[in-house]
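Worksheet: one structure, shown below.
The structure displayed is predicted, hence computed values, not measured ones. Letters A, B, ... mirror the listed sequences (proteins, then strands); counts begin at 1.
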There are 2 protein chains.
Amino acid sequence: MMGKPERRVFVNDEDCPIRNVVAQIGDKWSMLILFALVDGADRFNSLKSRIVGISQRMLTQTLRDLEREGYVSRTVYPEVPVRVEYELTKMGRDIVKPLYKLVSWAEKHHDEIRLCREEYDKRKDS
Amino acid sequence: MMGKPERRVFVNDEDCPIRNVVAQIGDKWSMLILFALVDGADRFNSLKSRIVGISQRMLTQTLRDLEREGYVSRTVYPEVPVRVEYELTKMGRDIVKPLYKLVSWAEKHHDEIRLCREEYDKRKDS
DNA sequence: CGGCATCCAGATGGATACTG
DNA sequence: CAGTATCCATCTGGATGCCG
């Protein structure tokens with residue numbers, strides 16, 4: 001009896017762990033910043049020059065978000081001029097591991113995906 | 001000589017594999033749909049009821065995008081009424097693996113992240 | 001049943017100017 | 001140096017109505 005296979009149900013709300021994590025790091029800059037900090041602590045303007053294309057506004061904002069999530073720590077050294085260093089926390093170094101898996105997958109399938117897109121678009125033109 | 005450690009530079013453009021993959025699956029519904037299809041092929045309205053909160057519009061649109069990327073295939077059975085089934089392609093089943101790593105990480109650290117947020121917000125109030 | 005078209009609110013993010 | 005503040009264009013996604 002009841003031979004129907006159980007199909008899982010998914011809810012996309014604030015309590016969904018998938019969304020809770022991906023909503024934060026799925027934006028335009030978060031992952032790039034996390035990976036930039038894997039090389040070690042770095043300061044604001046250095047990050048800004050290493051992450052090509054990011055604006056001051058978005059770097060500040062994304063760093064604040066990452067700090068709030070607990071991935072990044074912010075340390076102010078009251079020198080003149082002031083020096084501010086950002087660094088991965090334990091959790092930041094931790095989440096980078098599964099993210100690496102995803103990135104290496106992405107690098108490996110980069111061309112394949114672009115091919116799929118082109119063929120899809122070609123089919124839609126006809 | 002040249003003792004300075006090399007710091008990597010990151011560019012967020014259309015050729016960046018990180019962005020190229022994450023920009024697609026980092027949106028509000030893509031990952032949920034991919035995981036729903038891990039259970040096997042499913043049809044439009046079944047997906048719609050299993051993914052709680054998704055609108056018809058967003059389900060259609062996200063499925064089209066996933067199809068374009070090559071993660072999902074769409075098969076029309078010309079019955080009456082018409083039946084349309086969506087299924088993971090080889091690449092779809094493939095990307096789910098690194099995504100699982102991320103999701104299990106997310107589930108494990110769900111509470112920790114929320115705690116970080118609360119404490120961060122508390123510090124900012126003061 | 002499985003869509004598409006339209007409209008619209010809110011979020012995202014870029015440019016620019018100013019500050020401790 | 002490391003931001004904040006403001007303005008504004010674009011993107012995202014929800015609601016609704018219609019269609020083969």
According to a hydrophobic-cluster definition based on side-chain heavy atoms being under 4.5 Å apart (Ile, Leu, Val, Met, Phe, Trp, Tyr only), do [X] and [Y] belong together?
X: Ile18(B); Y: Trp105(A); value: yes
X: Met91(B); Y: Val21(B); value: yes
X: Leu59(A); Y: Val76(A); value: yes
X: Val52(A); Y: Leu47(A); value: no

Report summary line: Leu59(B) CG to dG14(D) P, in whole Å, measures 12 Å

Query - Whole angstrom value for the distance that separates P of dC1(D) from OH of Tyr86(A) - result: 14 Å

Working to the nearest 0.5 Å, report the span between [atom1] of [X] and [atom2] of [Y].
X: Ser104(B); Y: Leu99(B); atom1: OG; atom2: CG; result: 11.0 Å
X: Ile51(B); Y: Phe35(B); atom1: CD1; atom2: CZ; result: 11.5 Å
X: Tyr71(A); Y: Leu88(A); atom1: OH; atom2: CG; result: 11.5 Å

Report task. Could you list by number each residue of residues 65-76 of chain A showing a heavy-atom separation from DNA chain D of less than 4.0 Å, or answer none if no residue does? Result -> Arg74(A)

Requested in this report: Would you mind checking if Asp121(B) and Arg68(A) are paired as a salt bridge, meaning a charged N to carboxylate O distance below 4.0 Å?
Outcome: yes

Query raised in the report: Is any side-chain heavy atom of Thr60(B) less than 4.5 Å from a side-chain heavy atom of Phe44(B)?
Result: yes

Query - Val82(A) vs Ile54(A), nearer the 5' end of DNA chain C by closest nucleotide - result: Ile54(A)

Report summary line: At a 4.0 Å cut-off to heavy atoms of chain B, the contacted part of DNA chain C spans dC1(C) to dT6(C)

Query raised in the report: How about Glu79(A): does its CD atom have over 12 heavy atoms from other parts shown lying under 6.0 Å from it?
Result: yes

Please produce a list of atom pairs where a protein N or O lies less than 3.5 Å from an N or O of nucleotides 9-13 of chain D.
residue, atom, partner, partner atom, Å
dG13(D), OP1, Lys28(B), N, 3.2
dG13(D), N7, Arg57(B), NH2, 2.4

